[in-house]
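Contents: one structure, followed by commentary.
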Amino acid sequence: MSSSRLGLRLAVCLLNISEARRKYIVENVAKAALLEKNGQKHPEVSVLNIFSDQEYNRSVITIAASVAELGNSILAACLEAFQSIDMEVQEGIHPCLGAVDLIPIYPLSGIGVEECGAVARNFL
């Protein structure tokens with residue numbers, strides 16, 4: 001049975017961070033997306049993939065969640081990235097804007113691009 005038939009409203013974020021060489025930092029950013037404020041794993045959030053490029057010194061963390069929870073997960077991951085990645089010493093062949101470079105949000109099931117845009121605009 002498809003997730004849309006179950007009534008799930010899911011979206012995904014491909015969070016781009018300026019770190020790949022220090023695996024523990026990348027893992028801590030991903031873990032921050034998964035946890036609720038009380039430190040327990042959030043049941044509606046999953047990290048589907050982590051892709052790290054050593055030369056670029058950049059990682060993409062794929063976070064899937066209900067549209068209602070995705071924003072909080074992204075924010076927690078971004079805060080961890082900002083606290084952990086020192087841009088004064090960051091080096092890589094890929095130009096970067098900061099500890100977090102890109103936060104694209106895409107619909108997966110039961111929602112449209114407009115709702116993903118609303119999640120993104122909540123960060124402004």
Side-chain angles (χ1 to χ4, degrees):
M1 182 177 297
S2 75
S3 55
S4 61
R5 291 166 81 200
L6 293 172
L8 298 177
R9 297 166 30 83
L10 303 174
V12 67
C13 173
L14 277 63
L15 183 67
N16 289 244
I17 63 171
S18 297
E19 182 60 65
R21 297 176 185 152
R22 295 178 292 172
K23 185 177 179 180
Y24 72 95
I25 290 179
V26 177
E27 289 174 350
N28 285 344
V29 172
K31 187 184 298 183
L34 293 172
L35 300 179
E36 295 184 47
K37 290 181 182 178
N38 64 9
Q40 299 295 313
K41 164 118 178 37
H42 198 292
E44 295 183 24
V45 180
S46 294
V47 171
L48 302 179
N49 188 50
I50 299 173
F51 171 78
S52 296
D53 187 302
Q54 302 296 314
E55 288 185 37
Y56 278 31
N57 199 15
R58 183 179 180 103
S59 295
V60 178
I61 302 168
T62 305
I63 305 164
S66 67
V67 71
E69 295 301 328
L70 186 60
N72 292 331
S73 292
I74 295 169
L75 183 58
C78 289
L79 290 173
E80 182 65 31
F82 296 145
Q83 293 169 354
S84 303
I85 300 170
D86 184 353
M87 293 306 294
E88 301 268 332
V89 298
Q90 200 278 354
E91 292 181 353
I93 62 172
H94 191 281
C96 55
L97 299 172
V100 175
D101 274 341
L102 187 63
I103 310 172
I105 301 170
Y106 302 99
L108 282 182
S109 174
I111 66 166
V113 185
E114 300 79 17
E115 286 179 275
C116 291
V119 172
R121 283 188 294 280
N122 283 334
F123 291 109
L124 300 177

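These numbers come from a predicted model, not from an experiment.
- Between N28 atom CG and I85 atom CD1 the span is 10.5 Å, to the nearest 0.5 Å.
- Between E69 and S73, the side chains place no donor N or O within less than 3.5 Å of an acceptor N or O (distance only, hydrogens not considered).
- Note on residues 58-85: no pairs pass ring-ring contact (aromatic ring centres under 6.0 Å, His included), not counting sequence neighbours.
- The shortest side-chain heavy-atom distance between E36 and P43 falls under the 4.5 Å cut-off.
- Every pair tested for ring-ring contact (aromatic ring centres under 6.0 Å, His included) that includes a residue from residues 9-41 fails, sequence neighbours excluded, so the list is empty.
- With hydrogens and angles disregarded, no donor-acceptor distance shorter than 3.5 Å links the side chain of D53 to the backbone of R58.
- Paired with P104 under the rule side-chain contact (heavy atoms from CB on, under 4.5 Å), one option of V60, L15, L14 passes, and it is L14.
- Summarising the geometry, atom CD1 belonging to I17 is positioned 8.0 Å from atom CD1 belonging to I25; distances are rounded to the nearest 0.5 Å.
- Hydrophobic clustering places L79 together with I103 (ILVMFWY residues linked when any side-chain heavy atoms are closer than 4.5 Å, directly or through intermediates).
- Note that CZ of R9 and CG of L70 are 12.0 Å apart. Values are rounded to the nearest 0.5 Å.
- Under 4.0 Å is where a charged nitrogen must lie from a carboxylate oxygen, and between K31 and E27 no such pair does.
- Between the side chain of S59 and the main chain of E19, a donor-acceptor pair closer than 3.5 Å is present.
- Atom-to-atom distance recorded for L108:CG and L10:CG is 6.0 Å, nearest 0.5 angstrom.
- Linking Ile, Leu, Val, Met, Phe, Trp and Tyr whenever their side-chain heavy atoms come within less than 4.5 Å leaves L35 and L75 in two separate clusters.
- To the nearest 0.5 Å, the span separating CG on D86 from CZ on R22 amounts to 7.5 Å.
- Listed by chain and number, the hydrophobic cluster partners of I93 are Y56, where partners are ILVMFWY side chains within reach of under 4.5 Å, directly or through others.
- Atom NZ of K37 sits in a sparse spot, with 12 or fewer heavy atoms from other residues, nucleotides or ligands closer than 6.0 Å.
- Atoms OG and CD, from S18 and E91 in turn, are 12.5 Å apart once rounded to the nearest 0.5 Å.
- Heavy atoms of other residues, nucleotides or ligands lying less than 6.0 angstrom from CD of Q54 number more than 12.
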